[in-house]
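Here is the structure we will look at.
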Amino acid sequence: MEQSIELVRVFIHPDGRMNRKSAANYIGCAVKTLADWSMRGVGPRGVRVGGRIFYFRQELDRWIGEQSRSGTGGA
């Protein structure tokens with residue numbers, strides 16, 4: 001079986017934060033899924049800055065690691 005690599009573009013601010021669209025691309029889910037998880041209090045933790053939600057790369061990497069260890073593959 002041949003594997004392919006898909007390149008995605010994400011914008012990461014110098015302090016490591018991403019907007020919801022970039023964060024969703026980074027972890028490989030839909031923006032709506034990330035928003036739904038946020039509303040339910042599951043998924044990676046985001047922070048509100050000036051009325052917008054941002055996700056820090058370190059937090060996304062931590063969350064991804066937890067998913068792979070738990071074998072859940074999602075929230």
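Values below: every heavy atom of this structure, side chains too, minus hydrogens, waters and symmetry copies. Remember, it's a predicted structure, so these values are computed and weren't measured experimentally.
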Requested in this report: To the nearest 0.5 Å, tell me how far Arg52 CZ sits from Arg17 CZ.
Outcome: 8.5 Å
Query - Whether over 12 other heavy atoms sit under 6.0 Å from Arg62 CZ - result: yes
Query raised in the report: Would you call Asp36 and Arg40 a salt bridge, taking side-chain N to carboxylate O under 4.0 Å as the test?
Result: no
Query raised in the report: According to a 4.5 Å side-chain heavy-atom criterion applied to Ile, Leu, Val, Met, Phe, Trp and Tyr, with indirect links allowed, do Phe54 and Met18 form part of one hydrophobic cluster?
Result: no
Report task. List the steps, then state whether side-chain contact (heavy atoms from CB on, under 4.5 Å) holds for Arg20 with Ser38. Result -> CA-CA 10 Å; Arg20 186 170 276 155; Ser38 180; 3.6 Å; yes
Query raised in the report: Do you know the tightest heavy-atom contact between Tyr26 and Ile64?
Result: CE2-CD1, 4.3 Å
**Report entry** Step-by-step side-chain contact (heavy atoms from CB on, under 4.5 Å) determination, Phe56 to Val47
**Finding:** CA-CA 8 Å; Phe56 283 92; Val47 295; 3.6 Å; yes
Query raised in the report: Has the side chain of Ser22 got a donor or acceptor atom that lies under 3.5 Å from a matching backbone atom of Asn19?
Result: no
Query raised in the report: Hey, what do you get for NE2 (His13) to CZ (Arg57), rounding to the nearest 0.5 Å?
Result: 14.0 Å
Query - CZ-CG distance between Arg45 and Leu60, expressed to the nearest 0.5 angstrom - result: 10.5 Å
Report task. Looking only at non-hydrogen atoms, find the nearest pair between Ala24 and Leu34 and report the distance. Result -> N-CD2, 3.7 Å
**Report entry** Closest non-hydrogen atom pair, Cys29 against Trp37
**Finding:** SG-CZ3, 4.3 Å
